[in-house]
Structure formats: structure tokens, C-alpha cells
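Presented below is the structure to which this report refers.
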Protein chains: 2
Amino acid sequence: MELYSNYTQYLVAVDCIVFGYDIIEKELKLLLIKRSFEPMKGSWSLAGGFVEEMESLDDAASRILRTLTGLERIYLKQSFTYGEKERDPGARVISTAYCALIALRDINKEPAVNSEAHWRSIAGLPDLIFDHSLMVNKALSDLQNQIKAKPVGFELLPEKFTLVQMQELYAAIYQKQIDKRNFRKKILSMGILEKLDEKERETSKKGAYYYKFNKERYEKLEQNGFYFNLDVS
Amino acid sequence: MELYSNYTQYLVAVDCIVFGYDIIEKELKLLLIKRSFEPMKGSWSLAGGFVEEMESLDDAASRILRTLTGLERIYLKQSFTYGEKERDPGARVISTAYCALIALRDINKEPAVNSEAHWRSIAGLPDLIFDHSLMVNKALSDLQNQIKAKPVGFELLPEKFTLVQMQELYAAIYQKQIDKRNFRKKILSMGILEKLDEKERETSKKGAYYYKFNKERYEKLEQNGFYFNLDVS
DNA sequence: ATTTTAAATGTACATCTTACACTTAAAAAA
DNA sequence: TTTTTTAAGTGTAAGATGTACATTTAAAAT
């Protein structure tokens, strides 16, 4: 490039913070990789990679997520860019973190998961390379804020879910107990869930009604000034 | 660098979205630059520049802001990173936007302002180069959300300010009218303002009491689980 | 028929939000 | 010295929302 020719160029990376919700264990997990190259080969790391010439940052994040999990069309959102001089001892690398949410039952069905990828409970994470722990802490705290104000939680649930399951998801992300009646009252009063005739019968004799998220209804309400708000006691 | 040697490097820039509040005109303004080099020389642009080898992204943003306005120790926050392939026709440039807030009465006192820098009201901005309008829209919308939940508004007011001035600031940022009694009730009930004995006498015969923000008090309350919340009717 | 298990439900009280109009202080003008 | 003018300052009632809390219901298993 002849323009801007006096300026230094740098490696640009993306790192993916992939949160997976395990509906069975009722736990939020994080996708970690055993690093296969130097520096810090063998340490725990986020799923990351360098941005290629023909792709945008968003494209790079999608590609890396797809390569590692086989999943596409996942809620994937830019989090924050880390540009400290010495953050990577191998070279000056500017890295943009992306945050993804996955329902773990989906990924278990997928074959093409990188064999060096592991799901680890967010309670009790190992040390991560470079500034990756920082990235995770920021992303988790952003997720907690976001899930209050946008219906991103539905990305972590199967299409049909019970209110108990939804409540367990929120409890796992906030890491606290939630009052059942108030939670139900609040989410049902928004009018964005559809009650199905079918019941989930695995966890109880009585069975719990399935619901599904009515996205069209939500979008219509949002246009009319409605705010999703699921702050929790 | 010998590690990571197969990957392409890119130019990395920061662009500063500098909002200035004009307490006289009661208007939020944006700092724009007439671009002095190709491509798009002569067009309106944000204050930007390339990241140098010895500085972090944050450092680069501070340096650029200082160079253009002479101001230091300004509230300066990373906003978002723009990495589309063709966003800059001159070269592949990854740019991280930063957002700064300034009280315009402060900057008027400063001498070292770049002569190609201009303050323009956010109502009625000109077209900006590349994706800079996008950057501004996102930053403004983030500012509106942030100022609800954190006391960043005080960065835009002089140390001593009247409640009317504070209300005008919020009205300028939200671009809407605010009920005087409710606004006062809400902000005063937080217990983070100190009423001074002194009055501002320029705008009224009666005079309006000055207040100041008690930052220590705010931080203590915040530690105890208090949330600043200045949602506006 | 009885027991067991988890799902489903309602209410009272406190807190917060919202809409709304008159009084007060002080300078300027008459 | 009175009157006028201007912007600052103040309160309340009604409605909406948040919170704490315990019993009943459905259905399978014994």
C-alpha cells in the first residue's frame, strides 16, 4: 500500500469467548483450548486466530468458531479489543474478543469439534494465557448485564423449554437463586412466550409445560418502545 | 518477529469520538477534523491516527486527544473496533473507536487546539468519511445508555453546577424534555450531590444554588450495592 | 388408596414512577 | 416604594412495579 506508508503494521487476532449452557448440569461453561504452538504451548487459551486478508473481524470470529465447534449462525458479538504492547510475548498482536453463546445439547450432537477443545465450568477456571482471563471476566460481566436487557438467554435454551429450565439458566448466569413466582410473573407478563400443549416429562411426574420464544412478537413490541427487562431479585 | 510468521499484518488506528457539552448553548457537540491527507483529503473526519510501536491502544487514543485538544486526564473509553475489509480505501486499516467527554467551557480556555478541528452540533452533522458516521451513532447511543447508569454526566459539567444545568445536560443528550421536579427528586434522593452556599446569578434574578458531585460518597454507596440510575421520564 | 415429587399459582405491602401548578426570591422598572 | 418580571424551587396523589412468602395440583410409583 502506498498510502499511510510510514506506519507500522501489526498482527490482528480475534479470540472467542464461547459460553455454553449445560441444561442438564444447569451450569455455564467456557470453551477452552490446549494451545498447540509456541509461545505457551500446552497452556489453556481461548479459541483464537489471526485475521486473514479476505475477511472482516466478524468473519474471522465466525470462521474460528465454526472451525472449532462446527456451529454456524450463532449469536456472536464483539466484546472488546485488547492492545497492550506486551500482551502477547510472541509478537505485537492486537486482539479483538468476541463472545458467543451456545446451548451445549446442540454442540454434543456435532461431530467436528476440535479434539483439543474442552468445556470447563466457569466456577473454577484454570489460569489462561496472556490476558485471556481478563477477556473472560469482562465478557461474563457484560453477559450478565446484557441478559437482563435483551432476550439473549433464548440462544442458550432449546427451542422448546420449560419455565423451570429458563429460570435455571438465569440462576446459572447470575450465580444466585431466583424466586420462582416472581420470575414467572415477570417473564410471562412480557407476552413474548408461547405456551405449548406439550409437556416435558423427564424431570417430574406432573410434567412441565413447554414454552417457546415468540421472536416476531418481541420485535413488534420492541419497535413500540417495549423494553425487555429481566432483572432478578 | 519469528513467531506467527505466516500471517498478514495490518495498520491499526484509533478514532476519537469527542463529545463536548456546551453549557451556554445547551447542546451536545462533536469534534470534527478537516482531513489533511489522502484519501478523502478535505472531507470531515473524526480525530484519528495510527497506533505507534511504543504505545497501547489506550495510550494512542490519549495521545491523539491530547494532540488535538491539549486536554489530558479526560474520561476516555474504548467504544468498538471496526474491521471491515474495505472500510478505508487507502489500505486495510483496523480501527478502534474511543469516546471522550469534554465540557466545552474547559476547552475554550485551552490554546493548543488544532486549527482544523471544529465543534459541530450533533443535530445536523455533515457526512463523515469511511464508517465514521457509524462510529458516532454507536457511540452516542452507548453514551445515552451509559449516562443513565453511571455518573459520567459530571464529566461534562463544571465542578460547581446548578440543578437546572444538570437537567439541561441530560435533556441535550437524550434530545428530549425532562420534568423538573421529578429530575430533582431523583438526583437529590441519591445523596451524591452537595449543596453549596453559593448561588449562580447570571441566568436569574433569584439565583440558583450550586451543587457539586461528591465522588467519595458515590464510590462508598456503589460498594454497598447502590446503583446510579437516572432514567428519565 | 396413599405416598412422593416437582409444577403451578396469588396476595399484601412497600417502593418507585409519573403527571401536574403554584409560590418564592430578587432585580428591574415604573 | 410599589409593581412587574423572570427563573428557581417545591409536594402530592394515583398508578405501576417489585418483593417476600406457602399451599395446592397433577401424575406416577408404591
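Each chain gets a letter, A, B and so on, in the order its sequence line appears, and its residues count up from 1. Every value quoted in this text rests on a predicted model; they were computed, and no experiment measured them. Atom set for the values below is all heavy atoms of this structure, side chains included, hydrogens, waters and symmetry mates excluded.
- Per the geometry, OH belonging to B:Y227 stands 18 Å off C1' belonging to C:dC16, to the nearest Å.
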Task: Nucleotide-resolved protein contact map, nucleotides 4-12 of chain C, B/S/- at heavy-atom distance under 4.0 Å - done: BSBBBBBB-

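- A side chain to side chain contact (heavy atoms under 4.5 Å, CB included) with A:Y98 is found for exactly one of A:I64, A:L57, A:V18, namely A:L57.
- A:N229 places its CG atom 14 Å from the C1' atom of C:dC16, with the value rounded to the nearest Å.
- For the pair B:Y82 and B:H132, the minimum side-chain heavy-atom distance is 4.5 Å or more.
- Atom CE in B:M190 sits about 11 Å away from atom P in C:dC16, given to the nearest Å.
- Under the 3.5 Å distance criterion, the side-chain polar atoms of B:E200 are matched with a main-chain donor or acceptor of B:E202.
- Between A:D231 atom CG and C:dT17 atom P there is a gap of 12 Å when expressed in whole angstrom units.
- One can place CD of A:E202 at 22 Å from P of D:dA26, the figure rounded to the nearest angstrom.
- The CZ atom of B:R201 sits 14 Å away from the C1' atom of D:dG9 (whole-angstrom rounding).
- Between B:L143 and B:I17, the closest side-chain pair of non-hydrogen atoms is not below 4.5 Å.
- For B:F161 and B:F154, the gap between ring centers is short of 6.0 Å.
- Cation-pi geometry between B:K160 and B:Y210 is met: the NZ or CZ atom falls under 6.0 Å from the ring centre, inside 45° of the normal.
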